[in-house]
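We name chains A, B, ... by the order of the sequence lines, and we start the count at 1 in each one. Just so it is clear, the values below take in all heavy atoms, side chains as well, and ignore hydrogens, waters and symmetry mates.
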Protein chains: 2
Amino acid sequence: MRGAQGDLLRLVAAGQAESRAELARMSGLAASSVSLRVEELIGTGLLVEEGAGTSRGGRRPRRLRLSPSAGVLAVADLGAHHARLGLLDLSGTPLVVEERPCDIALGPEATMDWIAASFEDLLLRHGPPGVPLRGVGTGIPGPVDPATGRVVAPSRMPGWNNFPVAERLGSHFDLPVLVENDANLMAAGEARSWPGRETLMVLKAGSGIGCGVIVNGALHRGRGAAGDISHVRVRSDSSVTCSCGHLDCLEAYASGAALMAVLGEQGIAVERPGDIVALVEDGVPEATALVRNAGRLIGEVLTVLVNFLNPDAIVVGGGLSSAEPLISAIRAAVYERCLPLATRDLEIAASRSGPDAALLGAGALLLDAVLA
Amino acid sequence: MRGAQGDLLRLVAAGQAESRAELARMSGLAASSVSLRVEELIGTGLLVEEGAGTSRGGRRPRRLRLSPSAGVLAVADLGAHHARLGLLDLSGTPLVVEERPCDIALGPEATMDWIAASFEDLLLRHGPPGVPLRGVGTGIPGPVDPATGRVVAPSRMPGWNNFPVAERLGSHFDLPVLVENDANLMAAGEARSWPGRETLMVLKAGSGIGCGVIVNGALHRGRGAAGDISHVRVRSDSSVTCSCGHLDCLEAYASGAALMAVLGEQGIAVERPGDIVALVEDGVPEATALVRNAGRLIGEVLTVLVNFLNPDAIVVGGGLSSAEPLISAIRAAVYERCLPLATRDLEIAASRSGPDAALLGAGALLLDAVLA
DNA sequence: CCATCTTCCTTCGAAATCGAAGATATGGCG
DNA sequence: CGCCATATCTTCGATTTCGAAGGAAGATGG
């Protein structure tokens, strides 16, 4: 699984290569070396040959796939009140995905132990017999220090500050463990749906506002908080104090939580960001206006970042992302104020990976650890 | 010069390795392979052995250096009214640097031909005899499309839009040619002075405001305009229309040109950004207040970007950077409003590479092309 | 249907790379 | 001073990787 062998498996798992010829092109190794190694990998049962692909004008390639029995990954995406949990094969294809209620206010120990137990449960009920678990990972709705796997100064996770999440989760499994910010995972998941786009900004618009950054195809972590845009000061007539102690943070105006609060004051009861989307689709004008305004504010913040980073695409995901006015308003703001060179081929679009993006991202990142 | 050989030369040139042992560690090759290749490189005259280094507790390493006769690079940093020109050896050490007046308003053809002639002149007068020219490069005070080497929509270079600068400069030399935005070159130059700091924002505060971005040790170009912060809208009571057509751009308030205009209105004549620094050092209160305010505005823009990118350091260069109040004000703004995780180990400091940063950056980037 | 081109994959000798062992050189310490 | 620990560099046989040539399988086009 080490070195060159790992590289080849990674290419196949990531869907970047499907045949020996493609592996040779992508890995830079000689075709003959690839053949040798592939033969070994088939021998050890990690790869399987699976029929022929489509010809590109010559002999048809013999398609390669990761063996379904090579292993599974258990991944989770932890939210404030729910968690999505899933099993993936090593190529990142979900075998099963479930959503279960949970409450991060119970604290990090209880929550991590609950995730571990849920993984065991999923494996028992849906894990293919005899296929080993190869890695576990979870997303966290707060900043994670990549060096230590600890949660650092989360704004809405009381009791979690500085808790060694990765260590606790890892204590249940003697395996590679991944703990990462949820927006970062979403970004890693989307990245695979945008081939050819090397630099992405992936916005997570849900109860909060998060953003994951892909630079040159790789997740940019910074010090663990990279992509944070929720505490940017927005231009506003009124004046709101954010939970972080500063004035007029984007999150205080444009997050799902902020919108729900405003709707609540107007006597329109909403429980979760998805309810806002439903209101917008039903044509409730108050909701539409709110969402459009949120999009404008987010878009104005993004203009700065688009000029600075010059991404190839801005991908909008999260519970609010299916509200069409949100994306339109973001588009309008960005295209209006950014430099022509920065917007020339910039695509601004809704998520392609859907609600499982974070789980897919966890799989993609875990794969690197597993095949290291 | 190809492949592994090039990698070893690059490591030596970049100062990342000084002995065979270090080369082995940095390159990942086996010590024996390194020895073989180094012997070859010494044989072809590209490397020379130069005395012994300091022991780290065992046998002393035999220090390796690029041969002074391996080649020279001719580099320039083009400004609005002046150009810095220099010759570097392949390890990026300047052999000679000169500043000459020039005028980009004469148009791209004349300017590029003038640069080429100046390179020839420098070589005649300062080039070591028999040492071949291995590459040429220049910085441009405007956006450069990395794919085509053309200037794209420059705000203050009339007549240059879409001109194939790299092609024109290259027509004089049958060699690798580099054309890059000036702030990007400065960033590439600073990067070598900040070992261990992988992600940098390098601010160029001169007549204009530019910024170069280093992510994971490599220059981030985006679509050619990455790092552009001059047209971010700032919070302001008054209301100024920028040359780009939008309201209240940072550049209209905090660039050297803007400061000079304000000072002019106050009857204080200044010719170039350096004069402002002199006024500040002389304790002229109007100048100090202006510079401090510019720093605050720049700092407020940087807060957004620091939260987003989580750089390891912010480096301030350019003609205004030696004005101490500028950096203090930037520091104050950033440390006040950024997330703790983002500022925990963030360093905000003046340039370490000095006025030749852009030339050094051109050398570093050219080296990659030369040793490709 | 057959010649020809393209692409995929394997074979096999040549070349590069590795890695273990040893030679060389130095600092530290009793 | 002599011995040991450490680090650098080289030697040499074993292993891996390369690359040119060729075989296999299919597309294309008369």
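Across the protein-nucleic acid pair, B:E18 atom CD and D:dC9 atom P stand 11 Å apart, rounded to whole Å. Rounded to a whole Å, the CD atom of B:E40 is 8 Å from the P atom of C:dA16. What separates CD of B:Q5 from P of C:dT17 is a distance of 8 Å, to the nearest Å. Following rounding to the nearest Å, A:I42 (CD1) and C:dC9 (C1') show an atom-to-atom distance of 12 Å. Rounded to a whole Å, the CG atom of A:D7 is 11 Å from the P atom of D:dT17. Between A:L23 atom CG and C:dT10 atom P the separation is 12 Å, expressed in whole Å. Atom-to-atom, CZ of B:R63 to P of C:dA25 comes out at 19 Å; the value is rounded to the nearest Å. Rounded to whole Å, the distance from CD on B:E49 to C1' on D:dC9 is 10 Å.
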Listing, residues 53-66 of chain B side-chain donor-acceptor contacts under 3.5 Å, not counting sequence neighbours, or none:
from: B:S55; atom 1: OG; to: B:G57; atom 2: N; distance (Å): 2.9
from: B:S55; atom 1: OG; to: B:G58; atom 2: N; distance (Å): 3.1
from: B:S55; atom 1: OG; to: B:G58; atom 2: O; distance (Å): 2.6
from: B:R62; atom 1: NE; to: B:E49; atom 2: OE2; distance (Å): 3.3
from: B:R62; atom 1: NH2; to: B:E49; atom 2: OE1; distance (Å): 3.4
from: B:R62; atom 1: NH2; to: B:E49; atom 2: OE2; distance (Å): 3.1

Which atom pairs, donor and acceptor, lie under 3.5 Å between side-chain atoms of residues 214-222 of chain A and protein residues at least two apart or in another chain?
from: A:H220; atom 1: NE2; to: B:L309; atom 2: O; distance (Å): 2.8
from: A:R221; atom 1: NE; to: A:E180; atom 2: OE1; distance (Å): 2.6
from: A:R221; atom 1: NH2; to: A:E180; atom 2: OE1; distance (Å): 3.3

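Every pair passing salt bridge (Lys or Arg N to Asp or Glu O under 4.0 Å) that includes a residue from residues 355-372 of chain B is listed here, sequence neighbours excluded: B:R10-B:D368, B:R84-B:D356. Pairs of residues two or more places apart, or lying in two chains, that qualify as salt bridge (Lys or Arg N to Asp or Glu O under 4.0 Å) and include a residue from residues 184-198 of chain A are A:R197-A:E347.
Every residue was checked against the side-chain hydrogen bond (donor to acceptor under 3.5 Å, both in side chains) condition with B:T44, not counting sequence neighbours, and none meets it. Taking B:S35 as the reference, nothing meets the side-chain hydrogen bond (donor to acceptor under 3.5 Å, both in side chains) condition, with sequence neighbours excluded. Taking the side-chain contact (heavy atoms from CB on, under 4.5 Å) definition, one finds that A:V131 meets it with A:S69, A:V72, A:P128, sequence neighbours left out. Legend: residues meeting side-chain hydrogen bond (donor to acceptor under 3.5 Å, both in side chains) with A:E40, ordered by chain and number and at least two apart, are A:Q5. Residues satisfying the side-chain hydrogen bond (donor to acceptor under 3.5 Å, both in side chains) criterion with B:R150, sequence neighbours excluded, are absent altogether.
Rounded to 10 degrees, the angle between the two end axes of the helix from C:dC9-D:dG22 to C:dG30-D:dC1 is 20°, with five pairs used at each end.
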All N/O pairs under 3.5 Å across the protein-nucleotides 1-8 of chain C interface:
from: C:dT6; atom 1: O2; to: A:G57; atom 2: O; distance (Å): 3.2
from: C:dT7; atom 1: O2; to: A:R59; atom 2: N; distance (Å): 2.8
from: C:dC8; atom 1: OP1; to: A:R56; atom 2: NE; distance (Å): 3.4
from: C:dC8; atom 1: OP2; to: A:R25; atom 2: NH1; distance (Å): 3.2
from: C:dC8; atom 1: O2; to: A:R59; atom 2: NH1; distance (Å): 3.3

Pairs under 3.5 Å (N/O, protein and nucleotides 19-22 of chain C):
from: C:dG19; atom 1: N7; to: B:S32; atom 2: OG; distance (Å): 3.1
from: C:dG19; atom 1: O6; to: B:S32; atom 2: OG; distance (Å): 2.8

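The main-chain N or O of B:R223 is found under 3.5 Å from a side-chain atom of A:N310 such that the two form a donor-acceptor pair. Panel note: side chain A:T93, backbone A:D89; no donor-acceptor pair is recorded below 3.5 Å.
Among the atoms of the strands shown, only primed sugar atoms or phosphate atoms (P, OP1, OP2) are found under 4.0 Å from some heavy atom of A:R37.
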